[in-house]
Amino acid sequence: MRVGIVPHYTSLSRHFGTSKQMENLISSIRKPNLLQLNTAPTEDFFGRFLDRYPDISELKKLHSKILVYEHLRTNPSLGVKLMRAYAAHGEPSITRQIFDEIRDKNVVFFNVMIRSYVNNNLHQDALLLYISMLVHGVEPDNYTIPCILKACSGSENLRVGWQIHASIVKLGLDSNLFVGNGLVFLYGKCNYLVDARRVLDRMHHRDVVSWNSVVAGYAQNGRFDEALEVCKEMELQGVKPDAGTMASLLPAVTHTSSANVSFVAEMFNQMPKKGLVSWNVMIAIYVNNSMPVEAVELFCQMEANGVEPDAVTIASILPACGDLSALMQGRKIHEYVVQKRLCPNLFLENALVDMYAKCGCLQDARQAFDGMQRRDVASWTSMISAYGMNGQGLHALALFSKMQDSGLVPDPIAFVSVLSACSHSGLLDKGRYYFKLMTDQYRMVPRIEHYACMVDLLGRAGHVDEAYSFIKQMPTEPNERVWGALLSACRVYSNMTIGLVAADHLFQLVPEQAGYYVLLSNIYAKAGRWNDVTTVRSLMKSRGIKKLPGCSNVELDDQVHTFLAGDFSHPQSKEIYAELDVLLGKMKEAGYVPETDSALHDVEEEDKEGHLIVHSEKLAIVFAIINTKLGTPIRITKNLRVCADCHIAAKLLSEISERDIIVRDTNRFHHFQSGICSCGDYW
DNA sequence: ATAGGGTTAG
């Protein structure tokens, strides 16, 4: 997997001309001589600048110059352009000031003002202005209606929507394509899909947007299969899907079947002119379907095709880097963000924090976080869970308090991050306190995730009985996560009775999940009940359940290397095993005794030690030791929980080879340093 | 002088 960024892009942004042209324009505005002309500047002169989307400070300067000249101040064309420019900068109140100063307002001014509100999500203001427009006797036209329909769909206000629908007929605008599309979208958005479909079927002309609006309607309302069906139907009608179709489909292709992903991938491949949005959506689809490798590959293809990534692309691809712990790739993208000045951008900065956190780089995550001008609850939550996953529970809690001090109100996900931070650090009382805070003070109804955190917290701290009682008094049906947390606790504290209850539920909920059979068998093994171990093993065999192979990733020079247990497929295998042997000798000198309880007892006793020693994380660590300079931290990502033996081994290896080893397993991070793990052996 | 749908984070 090769990953790189195409280094040179020439245009500033799709809105602007070339950067050279921009510079010329800006400097010509700045030069005083132009504005000290003997003759007054013309409407055309300023109009041209306004058409170039000046940045906000240039716009304000320009505006103040315009106000100097009586003939320009009252010029309707410049008024509209100024309004449009301020609205584009998210300044609807300035737009409104300009609007209010215009004396003879015709329909165009109302249209522009309504659109400014709608584009800044002020749907209520848009509707109010629409009413005042009617009061002033200004008749809405084919520009007004699509916009006001958007205000209705944006606020899901079907009551007004129906009234608008009635006026459309009276105004004779019902055959207008834009109006029809607006109606289809409105009904779809409000989950009135039959009505959406009826409007579509009655339209005189339909275009791709009409169809996309129906697709969006189904997709937004969870009717995913129907959304895909509509795509097929439109293709049969000879309408080619476009980027909008893909974007509308996105909700329908999240955590979905690989068949659905392939369907959209095919649609994407067939698209003759793929725009930026198409690439962005296809990347997002891969990311949302746990296909990070495909996402990164597509991202590279996108660059190879000369399509310049924007902030949305970056915010979509960064989670994939985090998933893969592809730190080098993540850093490159960060450099690109800096180079392209894509910040400040909340989405993007939050994604950066999270990427670094998922790659185990707490300091980089913190640096990105500290560098943000604005932060929302998601920003804080990313950082809190970063500390939590790294076993720095008190830091996580301190950050939570700071977030509250900053005036932000925690939401349910913020509480998940806090509770799980408590659980990872064994902060039992704190966890209880925050659960109470959430329910009593913030009046939140706990979600299943919160219950799972609490069960985990209690169970890890050894309060297995209480954890079980907690489950029994839950108002909702416990899920896999909840029972799984309990079973893990039962294994740690050798609680056979409750362990059997938990396992029983898990075997019914997710009979194909090998991990829970392994946990149960470990409980039996620890109690020396070998007959029961055999029973579990044969149960797995009869149900055809195979243990998910453990697999570890390590990134080296832009490339992610993957190891399975006992893997010989890597080109450097010989070297790796030889070095492993040398290190094993040193480990034994340091007192290493294989922790054979961690082995699934599906192998003969004498083989257990041999199986443990070739666990994937050990191979990955040795590979990294061979291929990187002394002092380079080693980062491993594993698809399962790290086993007790590998945990001991990694501690010793960090000491013997004088390396920081950072392992991300499915649950948390382990930072091994000088023979000690950050988890304090509590995991 | 103005227009519709769709993409981004915990």
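Remember, it's a predicted structure, so these values are computed and weren't measured experimentally. So that the names make sense, note that chain A is the first sequence line, chain B the second, and so on, each numbered from 1.
- Within the nucleic acid shown, Val377(A) comes within 4.0 Å of at least one base atom, counting heavy atoms only.
- Residues passing the salt bridge (Lys or Arg N to Asp or Glu O under 4.0 Å) test with Glu70(A) are Arg73(A), sequence neighbours excluded.
- A salt bridge between Asp201(A) and Arg206(A) is absent, with no side-chain N of the basic residue lying under 4.0 Å from a carboxylate O of the acidic one.
- With dG10(B), dG6(B), dA9(B) as the choices, the nucleotide that has an atom nearest any side-chain atom of Asp376(A) turns out to be dA9(B).
- Atom CG in Leu50(A) sits about 15 Å away from atom C1' in dT2(B), given to the nearest Å.
- Rounded to whole Å, atom C1' of dT7(B) lies 13 Å from atom CG of Asn345(A).
- For the salt bridge (Lys or Arg N to Asp or Glu O under 4.0 Å) test, no residue two or more places apart in sequence or in another chain qualifies with Asp405(A).
- As rounded to whole Å, 10 Å separates atom C1' of dG6(B) from atom NZ of Lys150(A).
- In this structure, NZ of Lys274(A) is placed 18 Å from C1' of dG6(B), rounded to the nearest angstrom.
- For NE2 of His123(A), the number of neighbouring non-hydrogen atoms (other residues, nucleotides, ligands) closer than 6.0 Å is greater than 12.
- Considering only the side chain of Ser316(A), dT8(B) comes nearest among dG6(B), dA1(B), dT8(B).
- By the salt bridge (Lys or Arg N to Asp or Glu O under 4.0 Å) test, Arg375(A) is found to be paired with no residue, residues two or more places apart in sequence or in another chain being considered.
- Ring pair Tyr356(A)/Phe369(A): centre-to-centre distance not below 6.0 Å.
- As rounded to whole Å, 19 Å separates atom C1' of dA1(B) from atom CZ of Phe49(A).
- Which of dT7(B), dG6(B), dT8(B) sits closest to the side chain of Phe185(A) comes down to dG6(B).
- When distances are taken from the side chain of Val312(A) to each of dT8(B), dG10(B), dG6(B), the shortest belongs to dT8(B).
- The aromatic rings of Phe400(A) and Tyr434(A) lie perpendicular to each other, with more than 60° between the two planes, well past the 30° mark.
- Closest approach to the Asn142(A) side chain among dA9(B), dA3(B), dT7(B) is made by dA3(B) (side chain taken as heavy atoms from C-beta onward).
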Side-chain donor-acceptor contacts of residues 410-420 of chain A below 3.5 Å, not counting sequence neighbours, with atom names and distances?
| residue | atom | partner | partner atom | Å |
| --- | --- | --- | --- | --- |
| Asp411(A) | OD1 | Ile413(A) | N | 3.2 |
| Asp411(A) | OD1 | Ala414(A) | N | 2.9 |
| Ser417(A) | OG | Ala414(A) | O | 2.6 |

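- Candidate nucleotides dG6(B), dA3(B), dA9(B) were compared by shortest atom distance to the side chain of Ser248(A), and dG6(B) ranks first.
- Listed nucleotides dG6(B), dT8(B), dT2(B) differ in distance to Val112(A); the shortest reach to its side chain belongs to dT2(B).
- Nearest nucleotide to the Phe109(A) side chain, out of dG10(B), dA1(B), dT2(B): dA1(B).
- Salt-bridge check for Glu303(A) with Lys332(A): failed, with every basic side-chain N at 4.0 Å or more from each acidic carboxylate O.
- Contacts of residues 348-358 of chain A with DNA chain B (heavy atom under 4.0 Å): Asn350(A), Asp354(A).
- Listed in residue order, the members of residues 80-90 of chain A having a heavy atom less than 4.0 Å from DNA chain B are Val80(A), Arg84(A).
- You won't find any donor-acceptor pair under 3.5 Å spanning the side chain of Asp242(A) and the base of dG6(B), going by distance alone.
- Interface remark: the Ser382(A) side chain does not form any donor-acceptor pair with the dG10(B) base, using a distance-only criterion of under 3.5 Å.
- You'll find that the side chain of Tyr143(A) is closest to dA3(B), out of dA1(B), dT8(B), dA3(B).
- Picking from dT8(B), dG6(B), dT2(B) the nucleotide with the shortest atom distance to the side chain of Leu250(A) gives dT8(B).
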